[in-house]
Amino acid sequence: MRALSKRTTSFTDSVIRRMTRVSMEYDAVNLSQGFPDFDPPRAILDSLAAVAYDGPHQYAVTWGALNFCEALAQKQSPRMGHQIDPMTEVVVTCGSTEAMMAAMMTVCDPGDKVIVFSPFYENYGADTILSGAEPIYVPLTPPAFTFDAAVLEDAFRKGAKALVLCNPSNPTGKVFTPAELTVIAELAKKYDAYIITDEVYEHIVYAPHAHTYMASLPGMWERTISCSSLSKTYSITGWRLGYIIAAPQIVDAARKVHDFLTVGAPAPLMEAAVTGLCFGQDYYDALLQTYTQKRALFLDGLDRLRIPHTTPEGAYYVLLDISEYGYESDLEFCCALAKDVGVGAVPGSSFFREPENRYIRLHFAKTEETLNAALERLSRMKALLGKRR
Ligand code: GLN
């Protein structure tokens, strides 16, 4: 048989999603793939129930139902500092995953260079390969995960056409400061590059940190492709509702990519989700309070167990330092953790470009009960010390 495409041989399946399957195999408390185990808001579920009988059940307009785009534009305009036109500046996609892929294909021709900070959410590697772009990795150096502006400028100087910005960052929990974003923005303007953002954790930013939208910085609306989703904000990761917000000439091109990739996001789910998009600020305040409590519970628990970890400024991921265990492969460590301790984690190496086997990633988007059960099991993590390989 002839070989399948080279494209598919140059990356593996998603390790994040693989670890969910490993967790299921060993009946582990799954803190690997980031998704909640609690229900979405009741009002959204009521709308979903009504939609079952009232519809719509057929295709929506390819780039998104008008009422969804209008509600989204109304919610995001004051936050992003731009009066978003729902008719020309929005594409509704199947999750932020499609938004990012469509953005990359909209901006890049094969061979174009794209800057990706490392560590990075693993999809970006595959996104560059599938769109034919060449990544240039710029390190975010632990423990503060800061970047060196000179190294970043070098990357732009190599002709990068775009930079991918995950803010708040998965897996580091870093929230980029306005000063850092300004450095990136000024370089993007100087070297005439686009910024593709991934802002799915925009509403999960812990005080005193605050989220700044790249698109809201001076001169950045024109060159920023803002990608985000409803998954994390409304606890509906399975609904696959995401979006691109950008200037009309970018959206025009992105809509074509989207149309032929997926035709459209699920019409009934868009309809039901409008209820969420119309929530007032109190909803987002309560969401943040919930995650602030979960973060405190989980990090306190890790401290009690004397497990070294990062402290996220945003999102809901924690990197645990496992260097003392002496494993050469963090993937093997995670498999042992799932099997022998009963907790699912993601090996840190799946986020780093650099050879790195020091971290594993856990998340705390779970009920208190689940988090306590995970902490109880993690108290036996030291048992892996004797089993170094
Ligand atoms: N963002 C989630 C994570 O990092 C997973 C998202 C996904 O699997 N599509 O775990």
Side-chain angles (χ1 to χ4, degrees), residues 11-24 28-38 40 93-104 116-127 130 140 145 164-175 196-205 227-244 261-262 265-266 269 287 291 294-295 298 310 312-320 330-331 334 337-338 343-353 359-366 370-371 374:
F11 60 98
T12 67
D13 62 323
S14 152
V15 180
I16 295 179
R17 295 182 272 284
R18 196 192 309 167
M19 290 318 293
T20 281
R21 297 192 294 274
V22 170
S23 298
M24 286 162 84
V29 178
N30 182 12
L31 302 187
S32 61
Q33 187 182 14
F35 62 89
D37 66 347
F38 43 89
T93 56
C94 297
S96 183
T97 297
E98 189 212 333
M100 297 289 293
M101 178 67 77
M104 201 84 89
V116 177
F117 285 114
S118 169
F120 59 94
Y121 174 51
E122 62 173 12
N123 276 40
Y124 311 152
D127 288 350
L130 289 173
L140 289 175
F145 296 103
V164 175
L165 178 72
C166 183
N167 184 32
S169 150
N170 175 6
T172 66
K174 177 185 177 65
V175 171
I196 300 171
T197 72
D198 176 353
E199 295 175 290
V200 301
Y201 305 100
E202 64 202 293
H203 292 291
I204 307 175
V205 175
C227 301
S228 192
S229 106
L230 281 68
S231 290
K232 320 288 183 185
T233 303
Y234 305 104
S235 310
I236 48 173
T237 60
W239 288 29
R240 314 310 302 129
L241 292 177
Y243 56 87
I244 291 172
L261 273 179
T262 62
L269 301 183
L287 179 82
Y291 275 111
K294 291 184 189 305
R295 183 179 77 146
F298 197 58
T310 54
E313 299 165 350
Y316 46 54
Y317 302 101
V318 190
L319 293 172
L320 273 47
D330 54 2
L331 178 60
C334 285
L337 190 71
V343 176
V346 183
S349 56
S350 45
F351 305 100
F352 281 87
R353 176 62 178 172
Y359 301 109
I360 61 169
R361 193 198 75 174
L362 296 180
H363 81 92
F364 52 83
K366 296 289 183 226
T370 307
L371 293 175

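Atoms within each ligand, like the ligands themselves, are counted from 1 in listed order.
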Q: Are any non-hydrogen side-chain atoms of Met104 and Val164 less than 4.5 angstrom apart?
A: yes

Q: Counting both backbone and side chain atoms, is some N or O of Arg361 under 3.5 Å from an N or O of ligand 1?
A: yes

Q: Nearest to atom 3 (C) of ligand 1 by heavy atom, Tyr201, Tyr317, Phe351: which?
A: Tyr317

Q: A cation-pi test, strictly: NZ or CZ of Lys366 under 6.0 Å from the centre of the six-membered ring of Phe35 and no more than 45 degrees from its axis. Yes or no?
A: yes

Q: Any nitrogen or oxygen of Gly34 lying under 3.5 Å from a nitrogen or oxygen in ligand 1? Just yes or no.
A: yes

Q: Do any heavy atoms of Glu122 fall under 4.0 Å from ligand 1?
A: no

Q: Is the contact between Arg17 and ligand 1 made by the side chain, the backbone, both, or neither, using heavy atoms and a 4.0 Å cut-off?
A: side chain

Q: Residue-level breakdown please: for Asn170 versus ligand 1, do any non-hydrogen atoms fall below 4.0 Å on the side chain, on the backbone, on both, or on neither?
A: side chain

Q: Quick check for you: to the nearest 0.5 Å, what is the distance between Tyr201 atom OH and Ser228 atom OG?
A: 10.0 Å

Q: Among all protein heavy atoms, pick out the one at the shortest distance from atom 5 (C) of ligand 1; state its residue, atom name and that distance to 0.1 Å.
A: Tyr121 OH, 3.7 Å

Q: Closer than 4.0 angstrom, basic N to acidic O: yes or no for Arg18 and Asp13?
A: yes

Q: I need the single residue from Thr97, Leu230, Leu269 that forms a side chain to side chain contact (heavy atoms under 4.5 Å, CB included) with Arg240. Which is it?
A: Thr97

Q: When you measure from the heavy atoms of Lys232 to every atom of ligand 1, does any distance fall below 4.0 Å?
A: yes

Q: Let me know which of Glu122, Arg361, His363 forms a side-chain hydrogen bond (donor to acceptor under 3.5 Å, both in side chains) with Asn170.
A: Arg361

Q: Donor-acceptor check, side chain of Thr93 to backbone of Glu98, threshold 3.5 angstrom: yes or no?
A: no

Q: Considering the heavy atoms of Gln33, write down every atom of ligand 1 situated less than 4.0 Å from one of them.
A: 5 (C), 7 (C), 8 (O), 10 (O)

